[in-house]
A.B. asks: 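Supplied in structure tokens, the structure appears directly below.
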Amino acid sequence: MLHDLRYGMRILRKNPTFALVAILALALGTGANAAIFQLVNALRLRSLPVEQPNELLSIGIDQHGKGRVGRGYPGRSIFTEPLWQEIRSQQQAFASLFAWGNGRWDLSAEGEAVPAFGFYVSGGFFDALGVHARLGRLLTELDDQKGCGSPGVVLSHGFWQARLGGHPAVIGQTIMLDRRPFQVIGVTPAGFFGVEVGRTFDVALPLCAEALLRGEQAGTGRRAVWWLDIMGRLKPGWTVERAQAQVAAISPGVFQATVAPTYSADWAKNYTSFTLTARPAGTGVSNLRSAYATQLWALLGATGLVLLLTCLNLANLMLARSTVRGQEVAVRLAIGASRRRVVRQMLSESVLLAGLGAVGGLLLARWISQTLVLFLNARGNRIFLDLTPDWRVFAFLATVTFFTCVLFGLSPALKATRRDVANAMQPGGRSSTEGHEALALRRGLVVVQVALSMVIVVGALLFGRTLKNLAAVDLGFDPDVVVVAVDLSRTAVRPEARRQTFAAIVTRLQQVPGVRHAAEALIVPLDGSDWNGRIVTGGAVQDGDAHFDEVGGNYFRVMGTPLLAGPTRRSRPS
């Protein structure tokens, strides 16, 4: 085999143009497929970087199609802090149960805000995951006590390196979060990003600090504020089915004990009928999985077609080369080489091409996948995905390499060894039957190439037409607006003066040259936010959910939305 590979390398060196074109084509096709698979692997297949991730389960809520209260995402439920406390006190299936909620803070001591991202975690978060400190120690149950004041904080390894230069004396230092001092007690190991795929963290605080930092907006103790995820590690000997049965059994008591006083009778009835669920969470939880699952599979299918076209094109080229090398093959067969031996030698060239293309594809895949993640980040998100190649990526590449080698190398090799030796040995010798067979095979490959190309072209045209149609959809507002996000909670403006401050900002904006109108809005269209509630008329609650927004008096002029009835207000509503 080594002899065949060395011979194949000499043949490729004698045909550098063909070799370069083939390797580049395979690298592009293989790299595109590997890049999409890397994203699929990072989002759906890779296990969390924790101890025994297969023992982790995510707690969810089955609303039985009656969900008019609460908050959640496809495949993921969000809980209130009272729900978390009640579930923790009644559950029996988990050796450890933990909760976390996302947070964002200002690192600056004064002046311009410097954002930091992270989460509030229950005291058993790191112990349950089996994560050990890189420096110092991590949070424990003793840190997460009600009324904890300014507790210690834990930094991620990436934040420690980027913001603090990886200095080992960071333990005991103070950092500012929303203008409050917190002492650093530890640093997590490299590679640990949390349990939510697509999101990493800078700082981790205990749950008890949420009431201190969020003040009036805090969710701690409030039965109608949904902000926590819950996961747990199974007790030894317990199965997923047994855990599911246990949490379902405690559901009536848990929900009955946490009904919010603000819920109407029908909301409370629906709420108390919910059932807790437990499902495997070794790969973590994620909002991106449902958001981009269809797009990733469509991309993988499209890149697979491109790679198949590349293989067919190379098969045609290899078939043409095998025709040119007809006398060489005939000589080998005439002096005693078996057909199997010649096929293996010719396949060695295909193996080299496919292997070199796979190496180039692996390098290209990293760049393509990182570019796609950067594109998503450019839309205002902060997405983190671990794109380090693992055994799944290498197995995928090996499988793709094998099939590409077979697709473009086997048919030409088999065809080359079917020739009549006597005719092929003669100068320019080739039977008419062989010529017709070779021509028919090459024509068949071209037909398949054209058919697949048409599929891709038609798909691209339909996609382009869809984009054109989307651009022509009447949104009900003029999308040519500028959005400015203002958060006065991180300023010295007192809460009672914020309304006047916002009004002053709008007035100043209207004086800026080029600005026609300016207004305030709590929720901007298409930003993914939602505020639902209920409408009460005459003391009766109306059926169905109502969705709200809070806007300034000039809002509809800014958005270019015509009013079908009623006067347009110019001043801020009281």
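Note that the coordinates shown come from a computational prediction; the quantities given were computed from them, not determined experimentally. These numbers come from the heavy atoms of this one structure, side chains and all, not from hydrogens, waters or symmetry mates. In this chain, numbering begins with 1 at the start of the sequence shown.
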A.B. asks: Side chain to side chain contact (heavy atoms under 4.5 Å, CB included) between F192 and L48: does it pass, once the steps are laid out?
C.D. replies: CA-CA 8 Å; F192 178 72; L48 291 174; over 6 Å; no
A.B. asks: As a quick check of understanding, evaluate side chain to side chain contact (heavy atoms under 4.5 Å, CB included) for F79 and I59, giving each step before the final call.
C.D. replies: CA-CA 9 Å; F79 295 81; I59 305 299; 3.8 Å; yes
A.B. asks: For the residue pair Y555 and E520, establish whether any side-chain heavy-atom pair is separated by less than 4.5 Å.
C.D. replies: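 A side-chain contact under 4.5 Å is absent here.
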A.B. asks: Look up atom CG in L372 and atom CD1 in I36, then write down how far apart they are to the nearest 0.5 Å.
C.D. replies: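 Answer rounded to 0.5 Å: 5.5 Å.
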A.B. asks: Measuring from Q295:CD to L39:CG, what's the distance to the nearest 0.5 Å?
C.D. replies: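 Result: 11.5 Å between the selected atoms.
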A.B. asks: If you round to the nearest 0.5 Å, how far is OG1 of T174 from CZ of R180?
C.D. replies: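 Between atom CZ of R180 and atom OG1 of T174 there are 14.5 Å.
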A.B. asks: Between the main-chain N or O of F117 and the side-chain N or O of D202, is there a donor-acceptor pair closer than 3.5 Å?
C.D. replies: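 Yes; judged by distance alone, with no hydrogens or angles, the pair exists.
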A.B. asks: Write down the atom of V259, the atom of R223, and the distance for their closest heavy-atom approach.
C.D. replies: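 Distance-wise, the nearest heavy atoms are O-NH1, 2.9 Å.
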A.B. asks: Go through the steps for I230 and F98 under the test side chain to side chain contact (heavy atoms under 4.5 Å, CB included), then give the verdict.
C.D. replies: CA-CA 6 Å; I230 304 176; F98 56 91; over 6 Å; no
A.B. asks: Look at the side chain of E196 and the backbone N and O of V285, then say whether any donor-acceptor pair between them is shorter than 3.5 Å.
C.D. replies: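 It does not hold such a pair.
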A.B. asks: Is the shortest distance from a Lys or Arg side-chain nitrogen in R392 or D390 to a carboxylate oxygen in the other one below 4.0 Å?
C.D. replies: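 Yes.
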A.B. asks: Counting N and O atoms only, with roles assigned by atom type, does the side chain of D178 sit under 3.5 Å from a partner on the main chain of D106, one being a donor and the other an acceptor?
C.D. replies: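 Pair found, side chain donor or acceptor close to backbone of D106.
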A.B. asks: Has R199 got a side-chain atom pairing as donor or acceptor with F384's backbone, closer than 3.5 angstrom?
C.D. replies: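 It does not hold such a pair.
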A.B. asks: Between L107 and F159, is any pair of side-chain heavy atoms under 4.5 Å apart?
C.D. replies: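 Of all side-chain heavy-atom pairs linking F159 with L107, at least one is under 4.5 Å.
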A.B. asks: Please confirm whether F119 and W227 have ring centers closer than 6.0 angstrom.
C.D. replies: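 For F119 and W227, the ring centres are not under 6.0 Å apart.
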A.B. asks: Less than 4.5 Å apart, side chain to side chain, heavy atoms only: is that true for F125 and V131?
C.D. replies: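 Contact flag for F125/V131 side chains = no.
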A.B. asks: Is there a side chain to side chain contact (heavy atoms under 4.5 Å, CB included) between V154 and V121? Walk through the geometry before answering.
C.D. replies: CA-CA 10 Å; V154 171; V121 300; over 6 Å; no
A.B. asks: Look at atom CZ of F463 and say whether more than 12 heavy atoms of other residues, nucleotides or ligands are closer to it than 6.0 Å.
C.D. replies: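 No, because the 6.0 Å sphere around CZ of F463 holds 12 heavy atoms or fewer from other groups.
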A.B. asks: Might you point out which heavy atoms bring Y120 and P206 nearest each other, and give the distance in Å?
C.D. replies: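 It is CD2-O, 3.7 Å.
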A.B. asks: What closest approach, in Å, do L276 and V247 show between heavy atoms, and which atom pair accounts for it?
C.D. replies: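 Of all heavy-atom pairs spanning L276 and V247, the closest is CB-O, 3.6 Å.
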A.B. asks: Do the side chains of F193 and S156 get nearer than 4.5 Å, heavy atoms only?
C.D. replies: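 Heavy-atom side-chain distance check fails, nothing below 4.5 Å.
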A.B. asks: Rounded to the nearest 0.5 Å, what separates atom CG in L57 from atom CZ in R279?
C.D. replies: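 Here the interatomic distance stands at 10.0 Å.
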A.B. asks: Under 3.5 Å, side chain of E81 to main-chain N/O of G221, donor-acceptor pair present?
C.D. replies: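 Looks like yes, one N/O pair under 3.5 Å.
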A.B. asks: Are side-chain heavy atoms of W160 and V184 found at a separation under 4.5 Å?
C.D. replies: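 No, every pair of side-chain atoms sits at 4.5 Å or beyond.
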A.B. asks: Find out whether R137 and D143 are in side-chain contact, i.e. whether some heavy atom of one side chain is under 4.5 Å from a heavy atom of the other.
C.D. replies: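 Result yes, sub-4.5 Å side-chain heavy-atom pair found.
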A.B. asks: May I ask you to check whether Q85 and R88 show a side-chain donor-acceptor distance below 3.5 Å?
C.D. replies: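 A donor-acceptor contact under 3.5 Å links the two side chains.
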A.B. asks: Between the side chains of S122 and D144, does any donor sit under 3.5 Å from an acceptor?
C.D. replies: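 No donor-acceptor contact under 3.5 Å links the two side chains.
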A.B. asks: Is it true that, when you exclude Q161 itself, more than 12 heavy atoms of the residues, nucleotides or ligands shown sit nearer than 6.0 Å to its CD?
C.D. replies: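 Yes, because the 6.0 Å sphere around CD of Q161 holds more than 12 heavy atoms from other groups.
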A.B. asks: Heavy-atom distance under 4.5 Å between the side chains of D229 and V195, does that happen here?
C.D. replies: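 No, side chains not in contact.
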A.B. asks: Is a donor on one side and an acceptor on the other found under 3.5 Å between the side chain of R46 and the backbone of D386?
C.D. replies: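 Indeed, once roles are kept as given, a pair shorter than 3.5 Å links the two residues.
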A.B. asks: Main chain of L300, side chain of T303: is a donor-acceptor contact present, judged purely on distance under 3.5 Å?
C.D. replies: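 Side chain of T303 to backbone of L300: a pair is present.
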A.B. asks: Where do A218 and A211 come nearest, in terms of heavy atoms and distance?
C.D. replies: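 For A218 versus A211, the nearest heavy atoms are CB-CA, 3.7 Å.
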A.B. asks: What distance do S251 atom OG and I87 atom CD1 have between them, rounded to the nearest 0.5 Å?
C.D. replies: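 One finds 8.0 Å between OG of S251 and CD1 of I87.
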A.B. asks: What is the distance from atom CD1 of I523 to atom CG of D549, rounded to the nearest 0.5 Å?
C.D. replies: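 The distance works out to 5.0 Å.
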A.B. asks: Considering all heavy atoms of both residues, which atom of L97 and which atom of W84 are nearest to each other, and what is their separation?
C.D. replies: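 Heavy-atom minimum between the residues: O-CH2, 3.5 Å.
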A.B. asks: Do any N or O atoms from the side chain of Q92 and from the backbone of Q246 form a donor-acceptor pair under 3.5 angstrom?
C.D. replies: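 Between the backbone of Q246 and the side chain of Q92 there is no qualifying donor-acceptor contact (under 3.5 Å).
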A.B. asks: Can you confirm whether L205 sits close enough to P151 that some side-chain heavy atom of one is under 4.5 Å from a side-chain heavy atom of the other?
C.D. replies: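 Answer no - side chains too far apart.
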A.B. asks: Can you confirm whether the side chains of T283 and R289 place a donor and an acceptor under 3.5 Å from each other?
C.D. replies: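 Side chains of T283 and R289: pair found under 3.5 Å.
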A.B. asks: Looking just at side-chain N and O atoms, do Q38 and S369 make a donor-acceptor pair shorter than 3.5 Å?
C.D. replies: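 Distance-only check passes for Q38 and S369.
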A.B. asks: Which pair of non-hydrogen atoms, one from R233 and one from Q52, has the smallest distance, and what is that distance?
C.D. replies: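 Looking at all heavy atoms of both residues, the closest pair is NH1-O, 2.9 Å.
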